Amino acid sequence: MKVTEKCDVYSFGVVTMEVMMGRHPGDLISTLSSHASSSSSSISMIPQQTLLKDMLDQRISLPKNRAAEGVVHIMKIALACLHPSPHSRPAMGNISSEFATKWPPLTKPFCTITLEDILSHTCS
């Protein structure tokens, strides 16, 4: 494996997911990685109805209002960083820009947002 900026991006995604989930995201990473060696889509490999709220650290109360928007935005960024293909991961400059942008409003209630919703709208 050649060490590149995209390795740092991947590591950033792992650490971000670990903070958000309260545990190492090993199962999620394995699922996303298995997509790289198969012809099926990553979304179909993950239970489509996995709720974002169920992935988050259960020791912390669910976010509300602007905090919920931030959590969704951060999870989208983290998942983009974990893309199985290094060339499809965002550059650190793009990630920094994403953090500096205003979080978009949620299009549906936080408790109903699924992993599929987030994966279908990841940044790059």
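A quick note: this is a predicted structure, and the numbers were derived from the prediction, not measured. Atom set for the values below is all heavy atoms of this structure, side chains included, hydrogens, waters and symmetry mates excluded.
Between atom CD1 of residue Ile118 and atom CD1 of residue Ile74 there is a gap of 11.0 Å, rounded to the nearest 0.5 Å. Between the OG1 atom of Thr4 and the CZ atom of Arg89 there is a distance of 7.5 Å, given to the nearest 0.5 Å. For the atom pair CG of Leu119 and CD of Glu116, the computed distance is 8.5 Å after rounding to the nearest 0.5 Å. Separating the NZ atom in Lys6 from the OG atom in Ser85 is a distance of 9.0 Å, to the nearest 0.5 Å. Residue Leu28 holds its CG atom at 6.5 Å from CG of Leu82, rounded to the nearest 0.5 Å. Here the CD-CG distance, from Gln58 to Asp54, works out to 6.0 Å after rounding to the nearest 0.5 Å.
His73 contributes a side-chain N or O that, together with a main-chain N or O of Glu98, makes up a donor-acceptor pair within less than 3.5 Å.
A continuous path of hydrophobic side-chain contacts links Met21 to Leu56 [ILVMFWY only; heavy atoms under 4.5 Å]. Hydrophobic clustering, with ILVMFWY side chains joined whenever heavy atoms are under 4.5 angstrom apart, groups Met17 together with Met92. Put simply, Met20 and Ile95 are part of the same group of oily side chains (I, L, V, M, F, W, Y) that touch within less than 4.5 Å, one to the next. Val72 is connected to Phe99 through a chain of hydrophobic side-chain contacts under 4.5 Å among Ile, Leu, Val, Met, Phe, Trp and Tyr, so both are in one cluster.
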Below 3.5 Å, can you tabulate the donor-acceptor pairs from side chains in residues 61-68 to any protein atom, sequence neighbours excluded?
{"from": "Arg66", "atom 1": "NH1", "to": "Glu69", "atom 2": "OE1", "distance (Å)": "2.2"}
{"from": "Arg66", "atom 1": "NH1", "to": "Trp103", "atom 2": "O", "distance (Å)": "3.4"}

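The environment of NZ in Lys108 is crowded: more than 12 heavy-atom neighbours from other residues, nucleotides or ligands sit within 6.0 Å.
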Met75 and Val71: CA distance, side-chain angles, deciding distance, side chain to side chain contact (heavy atoms under 4.5 Å, CB included) verdict:
CA-CA 6 Å; Met75 292 294 279; Val71 166; 4.3 Å; yes
Could you walk me through whether Val14 and Ile29 pass side chain to side chain contact (heavy atoms under 4.5 Å, CB included), step by step?
CA-CA 8 Å; Val14 171; Ile29 291 170; 3.6 Å; yes
Please lay out, stage by stage, how Leu115 and Leu79 fare under the test side chain to side chain contact (heavy atoms under 4.5 Å, CB included).
CA-CA 10 Å; Leu115 190 56; Leu79 286 167; 3.6 Å; yes
Could you check Thr114 against Asp117 for side-chain hydrogen bond (donor to acceptor under 3.5 Å, both in side chains), going step by step and ending with a plain yes or no?
CA-CA 5 Å; Thr114 63; Asp117 295 329; 3.2 Å; yes
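Of all heavy-atom pairs spanning Asn94 and Pro90, the tightest one is CB-CB, 4.2 Å. Among all heavy-atom pairs drawn from Gly13 and Cys81, the shortest one is CA-CB, 3.6 Å.
Residues that satisfy the salt bridge (Lys or Arg N to Asp or Glu O under 4.0 Å) test with Asp57, not counting sequence neighbours, are Arg59.
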